[in-house]
Amino acid sequence: MGRTFTESELRTTAPIFLVDLELGGVVYRFATEAQDIETDSGSVFYDGTLSDVDFASSLEFASPDFDLPSAGVTVTFKIDLAKRIAQGLDFGAAKGTLALWLPGTDLEDRQVVIEGRIDAPSYGAIGEPVSFNIEADFLRNSQMVPNALQVIDAATWPDLEPNAEGAVYPVIIGAPGRQGFAGAPIYIAENTGSGDRVGIIAAHVCTASTISVMMIKPNGSTPAIPDQTVASAVDSNGAIYSYVPIPNAHFTAESTYFAQWDTGGGGLVNPYANQQSADGVPEKAYLTGAGDVVRYFLHQSGAVVDDGRMAAASAYLNFIQLDGYIAERVDALDFLQSEILPLLPCSLRAGPNGLYVVPWRYDATATDARTKLEAGKDMHRAGLVDYVTSDIYNEITIRYRHNARYNTLKKAVTITGDTSKKPGGFLWRNSYAVNSQSRYGTKALEIETEFITSRASAGRVVNWMARAYGARQRRIKYEAPHRLAWLEVGDVVAVSDSDLSLIDQLLILESIEWGETALTLSFLFVSDAPRDNIPTG
């Protein structure tokens with residue numbers, strides 16, 4: 001897994017498909033042409049009966065939804081498969097691998113396209129074609145966060161406050177409350193007998209060494225308890241947690257408590273980054289960049305993750321910062337798809353090496369194009385340009401900054417294309433929204449999030465959305481030779497097509513469909529009038 005052919009490798013040699021089928025403890029090998037292929041331990045033979053390979057690599061624009069990779073193939077066995085199955089062989093338990101191989105190279109140099117379980121097999125008598133699908137199984141385990149043991153109950157905490165029972169240890173993303181408000185709940189779980197209570201603040205080790213505690217009294221007053229030391233421990237179930245002491249002088253059973261992560265640290269440790277203190281000492285960074293948050297929770301979900309591609313995508317998406325908390329048990333992947341990914345200019349995708357996100361390069365320029373392609377020379381048009389049915393939005397409001405005390409969103413920013421509205425601190429305008437409003441009229445959208453607290457990040461969200469959803473998208477398909485198989489879904493490509501008045505038009509490669517003699521490349525136009533080359537005359 002992980003091998004990808006380069007442009008130079010594909011320039012002179014066309015790849016062929018290989019299928020390895022593990023069935024009943026035996027590996028059966030098939031290819032589109034009979035081949036003896038060298039391996040580290042000698043040569044192996046691939047029977048040339050592989051046909052009808054149906055495989056496409058695709059991506060849905062700016063979407064948290066994805067399809068697991070699947071490929072359909074047809075082969076012909078030389079054994080009596082029907083007899084073997086009648087004797088107890090289970091075709092439904094088989095595993096398979098679909099790969100691309102360049103003639104003249106070793107088997108270890110092949111490019112694995114998909115690897116996984118066999119689905120929907122069909123067979124007949126000896127000599128009849130056998131068809132089946134190979135489906136990637138990246139979601140082997142569906143995992144919840146926090147885990148099942150990180151719950152406050154009387155068995156673990158016999159002296160807990162009644163209003164804390166049943167709560168889960170919170171998962172802290174970023175530093176909620178760093179702007180000076182109630183960022184996350186604190187649960188009073190134990191009276192230590194020393195005059196202090198244990199206030200549980202997180203289901204994990206935190207980067208913050210101290211936090212401020214906000215005490216909400218029944219009369220509505222909110223005395224602050226600054227600089228409370230953060231510590232971590234393991235409870236009697238073996239579950240880790242972080243806590244702060246709540247001094248007896250600041251405790252009443254009728255009060256509620258909240259954390260303000262406002263003293264330079266945060267919650268979850270970022271496993272992908274470190275930072276330096278003012279005197280140059282390395283220290284742990286907290287998890288707040290949106291790309292790193294996605295990468296972290298993909299791993300928490302139990303899915304197979306393509307870390308190489310995720311690392312590159314994370315660096316691009318970290319310009320949006322997230323702060324918030326999870327105070328209930330959630331499916332990690334569902335949480336990403338419902339709460340985080342809709343805020344980001346990217347699409348979730350399952351590739352040959354696992355799940356990753358493909359950023360939408362809305363700010364791409366000509367220098368960001370991976371290559372230039374010319375219709376009639378590098379590829380040939382395979383149909384008309386189609387307008388994509390999609391929603392249009394040009395007045396987008398995001399409500400953000402969740403205050404845990406009131407359980408409400410306290411702030412909002414709007415980007416609009418209405419030139420009659422006067423811009424201000426919380427009402428913005430850009431040329432994309434103005435252009436869209438002049439074409440389509442006002443199309444409003446309001447979104448809410450509990451995981452953004454800064455106006456800068458909120459503004460970045462509505463800005464990319466104004467560019468993404470301000471105009472109708474278009475799609476066009478081209479047939480291309482296999483030598484362009486080094487391109488990847490999500491690539492930005494500069495396309496010229498004199499028949500369509502396109503001059504180095506930046507397009508997003510939306511899907512690649514494999515055929516026996518050619519590829520079908522589907523490109524998506526995302527209009528950007530200030531950037532695109534507009535023909536004149």
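As the structure is a prediction and not an experimental result, all values here were calculated from the model.
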- Message: Just verifying a value: how many Å separate Asn237 CG and Thr156 OG1, rounded to the nearest 0.5 Å?
- Response: 4.0 Å
- Message: Donor-acceptor pair, distance only, cut-off 3.5 Å: does the side chain of Asn435 make one with the backbone of Tyr432?
- Response: no
- Message: Parallel, tilted or perpendicular, judged at 30° and 60°: which one describes the rings of Trp464 and Tyr469?
- Response: tilted
- Task: Spell out, as yes or no, whether a donor-acceptor pair under 3.5 Å connects the side chain of Gln150 to the backbone of Ala203.
- Result: yes
- Message: I'd like to know whether Gln437 forms a side chain to side chain contact (heavy atoms under 4.5 Å, CB included) with Glu395, so could you lay out the CA-CA distance, the side-chain angles of the two residues, the decisive distance to 0.1 Å, and finally the verdict.
- Response: CA-CA 8 Å; Gln437 200 273 344; Glu395 183 166 290; over 6 Å; no
- Once you round to the nearest 0.5 Å, how far does CH2 of Trp261 lie from CD1 of Ile211? 5.0 Å
- Item | Polar side-chain atom of Asn394 near backbone of Lys443 as donor-acceptor pair, under 3.5 Å | yes
- Item | Sidechain-backbone polar pair: Ser301 side chain, Leu333 backbone, donor-acceptor under 3.5 Å | no
- If the plane angle is over 60° it's perpendicular, under 30° parallel, otherwise tilted; pick one for Trp157 and Tyr241. perpendicular
- Query: At their closest point, which heavy atom of Val244 faces which heavy atom of Val230, and how far apart are they?
  - Reply: CG1-CG2, 3.9 Å
- Could you please spell out the steps behind the side chain to side chain contact (heavy atoms under 4.5 Å, CB included) verdict for Phe525 and Leu502? CA-CA 11 Å; Phe525 292 75; Leu502 302 181; 3.8 Å; yes
- Message: Nearest 0.5 angstrom please: Leu298 CG to Leu355 CG, how far?
- Response: 6.0 Å
- Taking only residues two or more places apart in sequence, or in another chain, which ones meet Asp323 in a salt bridge (charged side-chain N to carboxylate O under 4.0 Å, His left out)? Arg178
- Taking atom types as modelled, is there a side-chain donor on Gln321 or Ser454 under 3.5 Å from an acceptor on the other? no
- Query: What pair of heavy atoms forms the shortest contact from Cys346 to Pro359, and how long is it?
  - Reply: CB-CA, 3.8 Å
- Task: Go through the steps to decide whether Thr288 and Asn270 satisfy the test side chain to side chain contact (heavy atoms under 4.5 Å, CB included), and finish with yes or no.
- Result: CA-CA 8 Å; Thr288 189; Asn270 188 345; over 6 Å; no
- Atom pair CD (Glu7) and OG1 (Thr371), whose distance is rounded to the nearest 0.5 Å: 5.5 Å
- With distance as the sole test, does Arg329 use its side chain to make a donor-acceptor pair with the main-chain N or O of Pro146 at under 3.5 Å? yes
- Can Thr414 and Thr416 be counted as having a side-chain donor-acceptor contact under 3.5 angstrom? no
- Query: With sequence neighbours left out, which residue pairs that include part of residues 304-321 fulfil the salt bridge (Lys or Arg N to Asp or Glu O under 4.0 Å) condition?
  - Reply: Arg295-Asp307, Asp306-Arg309, Arg309-Glu488
- Message: Within the structure provided, determine whether Tyr187 and Pro170 are in side-chain contact (heavy-atom separation under 4.5 Å).
- Response: yes
- Query: For Pro352, does its backbone N or O pair with a side-chain atom of Glu115 as donor and acceptor, under 3.5 Å?
  - Reply: no
- Message: Counting C-beta onward and ignoring hydrogens, is there a side-chain heavy-atom pair between Val461 and Ile452 closer than 4.5 Å?
- Response: yes
- Do any N or O atoms from the side chain of Arg472 and from the backbone of Ser390 form a donor-acceptor pair under 3.5 angstrom? yes
- pair Arg483-Asp378: side-chain heavy atoms closer than 4.5 Å: yes
- Message: Less than 4.5 Å apart, side chain to side chain, heavy atoms only: is that true for Val293 and Phe451?
- Response: no
- Is the shortest side-chain N to carboxylate O distance from Lys477 to Glu513 below 4.0 Å? no
- Just checking, Arg405 and Phe181: is the charged tip under 6.0 Å from the six-membered ring centre and within 45° of the axis? no
- Rounding to 0.5 Å, atoms CD1 (Ile508) and CG (Leu524) come to a distance of 6.0 Å
- Main-chain N/O of Pro226 paired to Ser212 side chain as donor or acceptor, under 3.5 Å: no
- Message: Holding to salt bridge (charged side-chain N to carboxylate O under 4.0 Å, His left out), I want the full list of residues that pass it with Lys372, two or more places apart in sequence or in another chain.
- Response: Asp504
- Would you please test Leu409 and Glu450 for side chain to side chain contact (heavy atoms under 4.5 Å, CB included) and show each step? CA-CA 7 Å; Leu409 300 171; Glu450 297 181 1; 4.2 Å; yes
- Task: Answer yes or no: is there a side-chain heavy-atom contact under 4.5 Å between Leu102 and Pro15?
- Result: yes
- d(Arg117 CZ, Glu135 CD) to nearest 0.5 Å is 5.0 Å
